[in-house]
Undergrad: 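Okay, handing you the structure first.
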Amino acid sequence: MFEVVSNEILAENLHKMVLVAPRIARARKAGQFVIVRLDQGEERIPLTIGDADQAAGTITLFIQAIGASTRKIVATPAGGFIRDVAGPLGKETHITNWGRVVCVGGGVGTAVLFPLVKALAEAGNEITTIIGGRSEKYVILADELGALSKNLIITTEDGSQGYKGFVTGPLSEMLADPERVPQAVFAVGPVPMMKAVANITREPGIETIVSLNPIMIDGTGMCGGCRVQVGNQTKFACVDGPEFDAHLVDFDGLSDRLTSYRKEEAARHAAEGCKLAKEVAK
Amino acid sequence: MSNDLSPKERMAIDRVHMPELPADERNKNFEEVNLGLSEDQALSEAKRCLQCKTRNCVAGCPVGVSIPEFIDALACEDMPRAAQILRGDNALPAVCGRVCPQETQCEALCIRGKKGDAVAIGYLERYVADWAMQHPDRLLSEPTPEPTGKSVAVVGCGPAGLTAAGELARQGHKVTIFEALHDTGGVLRYGIPEFRLPKEIIDREVAVLAQLGVTIECNVIIGKTLTIAELRSEFDAVFIANGAGLPTMLNIPGENLKGVYAANEFLTRVNLMEAGRREDSATPILQRDEVAVIGGGNTAMDCVRTAKRLGAKRAMIIYRRGEAEMPARVEEIKHAKEEGVEFIMLTAPLEIVATEDGWVKALRCQRMELGPADDSGRRRPQAIPGSEYDIPAGIVINAVGTNANPLLTATAPDLKLNKWGNVVADENGETSIPGVFAGGDIVRGGATVILAMGDGKQAAASIDAYLKR
Ligand SMILES: Cc1cc2nc3c(=O)[nH]c(=O)nc-3n(C[C@H](O)[C@H](O)[C@H](O)COP(=O)(O)OP(=O)(O)OC[C@H]3O[C@@H](n4cnc5c(N)ncnc54)[C@H](O)[C@@H]3O)c2cc1C
Ligand SMILES: Cc1cc2nc3c(=O)[nH]c(=O)nc-3n(C[C@H](O)[C@H](O)[C@H](O)COP(=O)(O)OP(=O)(O)OC[C@H]3O[C@@H](n4cnc5c(N)ncnc54)[C@H](O)[C@@H]3O)c2cc1C
Ligand code: SF4
Ligand code: FES
């Protein structure tokens with residue numbers, strides 16, 4: 001059992017949760033994740049370790065409640081318990097001093113980006129962070145990322161905050177400017193965003209790393225469910241990744257596999273919704 | 001009671017038939033297929049044993065269970081003694097009685113099999129083990145061990161780890177099992193379905209360990225949460241039994257389509273996560289009318305019979321050799337056929353064909369014929385040119401095998417591995433690191449429950465000796 005120390009709402013459906021997990025706090029490195037199972041009978045859900053406090057023995061998760069399982073997890077209050085938390089899983093990010101680095105985050109990917117930006121800043125990189133959201137209320141962790149970055153650029157699709165448009169806008173401008181062109185790009189977010197970033201950095205040949213989010217079960221290389229096509233090889237994202245060379249990833253294949261259970265999930269979502277509605281009615 | 005029939009009288013008794021659920025009923029649920037022998041059946045079968053001095057059967061058993069002795073106790077209706085003999089040789093008899101390939105082990109060498117049917121040793125083993133589970137109060141009590149003050153870490157909660165933990169605890173050592181998943185049992189829980197091995201059996205074995213004072217810590221991945229080096233410094237000895245959990249890919253086009261599963265994923269979803277088992281199960285599983293399972297071992301049989309139970313109209317085994325070459329237990333093949341599984345033999349997969357929107361549509365195959373025997377003694381399949389054809393399928397499951405998982409070994413550079421990534425251990429289970437022992441599938445590659453159990457027992461004896469050095 002893992003105790004929830006705190007559970008804050010950062011934006012609509014986005015929670016920051018701190019858990020007691022001393023062994024994981026001690027062992028984890030940037031880029032790694034845990035698998036969380038709320039209770040008996042629940043799904044195993046992969047979540048990036050956003051931060052850790054070794055002295056306190058805690059880890060921080062940023063959780064976007066998008067489906068039945070993530071909604072149940074974020075409903076656990078401070079003082080409550082999560083039954084299973086296993087990790088740290090996956091490879092740690094290869095951190096070095098590239099010089100100028102751009103970190104791009106979209107949606108909950110911004111939270112996944114946070115430990116990366118922190119580690120890159122500690123390694124002495126000059127960081128520009130570009131974070132995007134649909135509108136102002138979906139922009140998260142701006143202050144925290146701003147404190148670690150030389151520049152922070154915010155983009156919103158509706159122009160309610162910062163640059164109007166997608167994260168790729170400011171990134172393209174930087175690529176075109178010899179004074180600002182980065183040596184490496186990190187991108188984490190929805191698959192179409194990562195694909196778009198990979199497409200614009202491919203031509204200039206800028207090293208680009210993405211963190212992938214396929215469907216997982218065990219997270220230890222046992223089931224093969226998380227496989228992604230990288231170059232001409234099949235990789236298991238949970239053990240070979242989750243970070244890969246963006247220019248080699250088959251994003252269309254990944255997108256497609258992520259829809260494998262759309263019908264089943266929609267049915268469960270609806271069923272859970274009904275249950276909830278009934279409880280509220282009572 | 002006595003067991004003093006003449007050989008002639010014994011020879012006159014016919015082998016029992018295991019009572020089973022009717023095939024067209026059981027292929028819709030996950031109830032155990034074999035119901036177990038009645039007392040009369042068990043006693044009659046026990047009396048078929050000739051009590052041979054040569055003990056051929058024992059030579060066929062990988063851990064040398066005292067077969068004629070436990071059968072004699074059973075025939076004398078001395079159940080506590082039968083249970084004690086069995087338990088002394090086999091830590092998991094209720095499991096082995098259900099899943100061991102007896103027809104290639106003890107029963108293959110049984111004298112009675114030379115002319116007619118071998119003694120049903122597996123059924124009797126299960127009968128005695130089940131009796132013992134139901135009558136804990138009648139078992140001969142075990143002496144409580146003196147604590148030795150030594151501690152042992154066991155990595156992995158499959159049959160090898162469970163066995164070693166039990167033996168070590170009985171010797172008075174303080175044992176902690178570290179398990180990567182959220183539950184115990186290893187393949188016994190996530191791989192082998194309940195229609196062959198009910199989870200209750202694993203739960204009971206685990207409860208026995210808890211009574212012996214063994215601590216089980218789930219959600220700890222050695223190599224990630226803790227390293228072998230850390231275990232080595234915190235414990236007096238370490239036993240590595242993390243199995244062979246890494247699926248072998250087919251390496252054919254279409255393997256990443258939606259609807260293609262590795263056997264481990266398919267079975268884990270259904271067995272460990274209960275997908276498709278309950279109306280409201282949290283973890284989803286795809287259900288399709290046509291399911292093609294590639295492979296001919298126990299894993300393939302478990303997948304295809306599970307697919308049938310989840311509602312497939314056509315559940316098919318696709319195997320590149322012939323039925324005689326299939327490594328699955330004879331009983332699994334028989335049960336699968338009775339349940340309506342189709343066997344498509346001498347057929348090799350070439351490609352998985354997709355629909356327009358990326359789902360599996362068919363398995364493109366090629367017919368094979370058997371050529372001369374290869375190194376393993378099995379006849380090598382050869383492709384028949386121009387024989388390609390498509391088998392319609394909405395789900396394809398790859399059950400061709402597993403390899404050693406490098407998660408643990410990658411972080412233990414001093415641990416010697418062979419070229420397949422298996423841990424190298426000598427006949428005592430010792431690895432290249434002093435105080436670190438290993439056994440089960442991580443050493444042997446995909447093998448059997450009884451061999452994993454035997455390794456656990458051997459390693460426990462070696463560890464005990466090591467700790468007393
Ligand atoms: C290595 C890794 C790290 C991750 N880190 C985080 C994190 O830090 N914070 C966070 O909020 N989420 C993270 N995710 C994604 C998270 O695991 C999924 O959102 C979660 O599994 C969805 O479960 P659900 O039952 O709530 O939703 P579901 O009902 O299963 O899905 C709802 C919708 O999301 C889609 N979906 C399903 N699985 C995923 C997935 N893995 N990624 C994206 N979309 C998916 C479905 O197709 C569906 O449309 C991570 C995923 C991986 C693989
Ligand atoms: C579907 C299927 C059906 C089978 N049917 C039969 C049968 O009928 N008869 C038979 O004799 N054999 C059968 N086998 C083979 C048999 O199950 C295995 O040989 C046996 O389980 C091996 O035991 P083990 O203890 O070595 O490993 P496993 O049972 O694989 O257990 C290893 C355990 O270690 C855990 N682990 C892995 N890595 C780590 C880590 N880094 N840290 C901590 N824990 C870890 C795993 O999660 C697992 O719980 C079958 C196998 C499969 C897959
Ligand atoms: S070989 Fe057969 S008949 Fe002889 S002791 Fe063993 S089980 Fe009995
Ligand atoms: S999640 Fe099972 S192999 Fe990666």
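Each chain gets a letter, A, B and so on, in the order the sequences are listed, and its residues count up from 1.
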Undergrad: Taking A/R227 for the side chain and B/M249 for the main chain, is one N or O donor matched with an acceptor at less than 3.5 Å?
TA: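 No; zero donor-acceptor contacts below 3.5 Å.
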Undergrad: Closest approach of B/P247 and A/G221, non-hydrogen atoms and distance?
TA: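 Heavy atoms only, the tightest pair is CD-O, 3.4 Å.
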Undergrad: List the atom of B/L246, the atom of A/F236, and the distance in Å for their closest heavy-atom pair.
TA: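 What the structure gives for the nearest pair is CD1-CE2, 4.1 Å.
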Undergrad: Taking all heavy atoms of A/S260 and all of B/W359, pick out the closest pair and write down the distance.
TA: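 What the structure gives for the nearest pair is O-CH2, 3.2 Å.
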Undergrad: Could you look at A/I215 and say if it's the side chain, the backbone, both or neither that has a heavy atom under 4.5 Å from chain B?
TA: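 The answer is the side chain of A/I215.
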Undergrad: Hey, which of A/T220, A/T234, A/I35, A/T259 has the most heavy atom pairs under 4.5 Å with chain B?
TA: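 So the answer, after comparing A/T220, A/T234, A/I35, A/T259, is A/T220.
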Undergrad: Of the backbone (N, CA, C, O) and the side chain (C-beta and beyond), which part of B/D357 lies under 4.5 Å from a heavy atom of chain A, both, or neither?
TA: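 It is the backbone, since no side chain atom gets that close.
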Undergrad: Looking at side-chain heavy atoms only, is the closest gap between A/R37 and B/M273 below 4.5 Å?
TA: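 Yes - at least one pair of side-chain heavy atoms lies under 4.5 Å apart.
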Undergrad: I need the contact set between residues 395-410 of chain B and chain A: heavy-atom distance under 4.5 Å, sorted by residue number.
TA: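 So the qualifying residues are B/N405, B/L407.
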Undergrad: Any idea which heavy atoms bring B/K224 and A/K91 closest together, and the distance?
TA: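 Distance-wise, the nearest heavy atoms are NZ-N, 4.4 Å.
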Undergrad: Give, for atom OG1 of B/T283 and atom CD of A/E264, the distance between the pair rounded to the nearest 0.5 Å.
TA: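 Between B/T283 OG1 and A/E264 CD, I get 12.0 Å after rounding to 0.5 Å.
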Undergrad: Side chain, backbone, both or neither: which part of A/R44 has a heavy atom under 4.5 Å from chain B?
TA: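 Contact with chain B involves both backbone and side-chain atoms of A/R44.
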Undergrad: Starting at CG of A/D84, measure out to CG of B/L181 and round the result to the nearest 0.5 Å.
TA: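 A/D84 CG to B/L181 CG: 10.0 Å, rounded to 0.5 Å.
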Undergrad: Would you mind checking which part of A/R257 comes under 4.5 Å of any heavy atom in chain B, side chain (CB onward), backbone (N, CA, C, O), both or neither?
TA: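 Both backbone and side chain of A/R257 come within 4.5 Å of chain B.
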Undergrad: I'd like to know if A/R23 and B/E217 make a salt bridge, using a cut-off of under 4.0 Å between side-chain N and carboxylate O.
TA: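 Salt bridge flag = yes for B/E217 with A/R23.
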Undergrad: For A/V34, which atoms come within 4.5 Å of any heavy atom of chain B: side chain, backbone, both, or neither?
TA: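 Contact with chain B is absent: no heavy atom of A/V34 under 4.5 Å.
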Undergrad: At what distance, to the nearest 0.5 angstrom, does CD1 of B/I221 lie from CG of A/D218?
TA: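 So the gap between those two atoms works out to 9.5 Å.
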Undergrad: Could you name the residues of residues 258-268 of chain B that have a heavy atom within less than 4.5 Å of a heavy atom in chain A?
TA: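 So far as heavy atoms go, B/K258, B/V260, B/Y261, B/A262, B/N264, B/E265, B/T268 are the residues that approach chain A to under 4.5 Å.
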Undergrad: Taking all non-hydrogen atoms of both residues, which atom of A/E43 and which atom of B/P284 are closest, and how far apart?
TA: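 It is OE2-CD, 3.7 Å.
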Undergrad: Just wondering, more than 12 heavy atoms not from A/K29 lying within 6.0 Å of its NZ?
TA: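 Check fails, neighbour count at 12 or below.
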Undergrad: What is the distance from atom CD of B/E274 to atom CD of A/Q40, rounded to the nearest 0.5 Å?
TA: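 Output value for this atom pair is 8.0 Å.
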Undergrad: Taking all atoms of both residues into account, what is the closest heavy-atom pair of A/R26 and B/E230, and its distance?
TA: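 Nearest pair, atom of A/R26 first, then B/E230: NH1-OE2, 4.3 Å.
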